[in-house]
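Step one of this worksheet: look at the structure below.
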Number of protein chains: 2
Amino acid sequence: MPTKMQERPTQSAADTATRERILLEASRLFRHHGYAATTLREVADAAGIKAGSIYYHFESKEQILGEVLDKGIQAVIVAVRERVEALPKSATSRAKVAAAIEGHLWGLLHHGDFTSANIRIYGQIPLTAKNRHRKVRREYADYWDALLDEAMSRGELRRDIGATIARLFVIGALNWTVEWYNPQKGSFDNFAKQITTIVFDGTFTRE
Amino acid sequence: MPTKMQERPTQSAADTATRERILLEASRLFRHHGYAATTLREVADAAGIKAGSIYYHFESKEQILGEVLDKGIQAVIVAVRERVEALPKSATSRAKVAAAIEGHLWGLLHHGDFTSANIRIYGQIPLTAKNRHRKVRREYADYWDALLDEAMSRGELRRDIGATIARLFVIGALNWTVEWYNPQKGSFDNFAKQITTIVFDGTFTRE
DNA sequence: GTCTATACCTCGATAGAC
DNA sequence: GTCTATCGAGGTATAGAC
């Protein structure tokens, strides 16, 4: 899916490449230094152009931020829906949530800087940018709530904890993996499997 | 415990009050806008003084950052040690880890901006500041590793997940609660209890 | 499309009056 | 101990040549 092209109907491949490179480097710098601390001079430098040239592709720094955030959350949403919807409707909640966990982790950990930047800087960006992304975040949370509510009503989710607290805890824990996941220490599949085990059954043997 | 007083042997109460107010407001602003995005003019404004006056109390912006980070992590470390060391050495690992979880959450959630700022901005601060805090963070991680290694050797920790991955997942999940914990939705004790249940036994009923 | 040059602003930090 | 005033550096964004 191409990014919004408003004015130019015929955009050359080179244009798009530069535009994407700017977004890629911006996400990397936002992730590691924060939004405000990242200068457009740094972004331009990393993308191999001069600062002024950025404004041919973007209207402002905040527009770059907006597209970086979009790419991050869309990567996760797409990966989750894909896996959950591949299951038959009759699948157990355990299977559906396992698919959602694997999708969430995959989306997070395979679009590195876009997703990590999203998680790290969301609490710190200008209010105008936040408001623009509140809706899609709310929808994603609702999607999880529906999954967990179903699990609850089927008696698969423990009844001594709330569905909301479970959702917040689980998504939070998954999100934080971007801070410590190391792909060199074992395969992604094994990683996702261990995380799923912890989420479902905990870390301790039952008393 | 008073903060470091280097030059002045007799520091008035008013001095200390202003100094603390600067740190308090700085932590709040760092948390919500990030370190780089927060200006000393904003901090001074919030503390009820003028920007130039900050330099009577601190040498630089980075020194303020250092003290904010210190306060955050120390609050957590003290709360955890207190609770764990109050238990008899013979206590089960489950009891010890439960105490550590409650302490970690307590430290996090009752020193609001200092701990939240620490968690949020640590990945984005200048390298010099990071290096100064790496040691104490490492020591805290080692403390948890020792707790979990003991649990593993006693057969209380599940053997199909690694102790390191368990530690990273659990601490990460706990840290993220600062982003969503709402003290108006139930007591802290009940909250800590639910989190502990999830960490120990998971969110789903066993198959 | 990318460049150079630069306008205008705000930053952290300092100097010296009070 | 806090103020006012200000320095030099570096920020986003713009204008116009190429």
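Just so it is clear, the structure is predicted and the values come from calculations on it, not from any experiment. Lettering follows sequence order; numbering is per chain, from 1. Only heavy atoms go into these numbers, but all of them, side chains included; no hydrogens, no water, no symmetry mates.
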(request) I would like to know whether B:R138 and B:D142 meet salt bridge (charged side-chain N to carboxylate O under 4.0 Å, His left out); could you show each step before the answer? (result) CA-CA 6 Å; B:R138 182 68 251 166; B:D142 288 343; 2.9 Å; yes

(request) Measure from CD1 on A:I54 to P on D:dG11 and round the result to the nearest Å. (result) 12 Å

(message) Side chain of A:I49 only, heavy atoms from C-beta on: which candidate in D:dC3, D:dA13, C:dC3 is closest?
(response) C:dC3

(request) Would you kindly check if the NZ (Lys) or CZ (Arg) of A:R137 is within the cone defined by 45 degrees around the ring axis of A:Y122 and under 6.0 Å from the six-membered ring centre? (result) yes

(request) Could you say whether A:K61 or B:S53 is positioned toward the 5' end of DNA chain D, judged by the nucleotide with the nearest heavy atom to each? (result) B:S53

(request) May I have the distance from A:Y55 (atom OH) to C:dT6 (atom C1'), rounded to whole angstrom? (result) 14 Å

(message) Regarding B:K50, tell me which of base, sugar-phosphate or nothing describes its non-hydrogen contacts under 4.0 Å with the strands shown.
(response) base

(message) If you assign B:S60 and A:G52 each to the DNA chain C nucleotide with the nearest heavy atom, which residue ends up on the more 5' nucleotide?
(response) A:G52

(message) Here's one to test your reading of the geometry: is the NZ or CZ of A:K135 within 45 degrees of the ring axis of A:Y140 and under 6.0 Å from its centre?
(response) no

(message) So if I take every side-chain heavy atom of A:Y56 and compare against C:dT2, C:dA13, D:dA13, which nucleotide ends up nearest?
(response) C:dT2

(request) May I ask you to establish whether B:R94 and B:F200 are in a cation-pi arrangement, using a distance under 6.0 Å from NZ or CZ to the six-membered ring centre and at most 45° from the ring axis? (result) yes

(request) Please state whether the base of D:dG10 and the side chain of A:R41 form at least one donor-acceptor pair under 3.5 Å? (result) no

(request) Calculate the interatomic distance between B:Q63 atom CD and C:dA13 atom P; express it in whole Å. (result) 10 Å

(request) Could you check how far CD of A:E62 sits from C1' of D:dA13, rounded to whole Å? (result) 14 Å

(request) Take the protein atom CG of B:D45 and the nucleotide atom P of C:dG12, then report the distance between them rounded to whole Å. (result) 13 Å

(message) I need the OH-P distance between A:Y35 and D:dT12, as an integer number of Å.
(response) 9 Å

(message) Does A:T39 reach a base, just sugar-phosphate, or nothing at all? Heavy atoms under 4.0 Å.
(response) sugar-phosphate

(request) Whole angstrom is fine here: how far is it from CG in B:L40 over to P in D:dC7? (result) 20 Å

(message) Distance check needed: C:dC11 C1' versus B:L29 CG, whole Å only.
(response) 15 Å

(message) If only side-chain N and O atoms count, and only distance matters, is there a donor-acceptor pair under 3.5 Å linking B:N175 with B:H104?
(response) yes

(message) With a 4.0 Å cutoff (strictly under), does any side-chain N or O of B:T18 reach OP1 or OP2 of D:dT2?
(response) yes

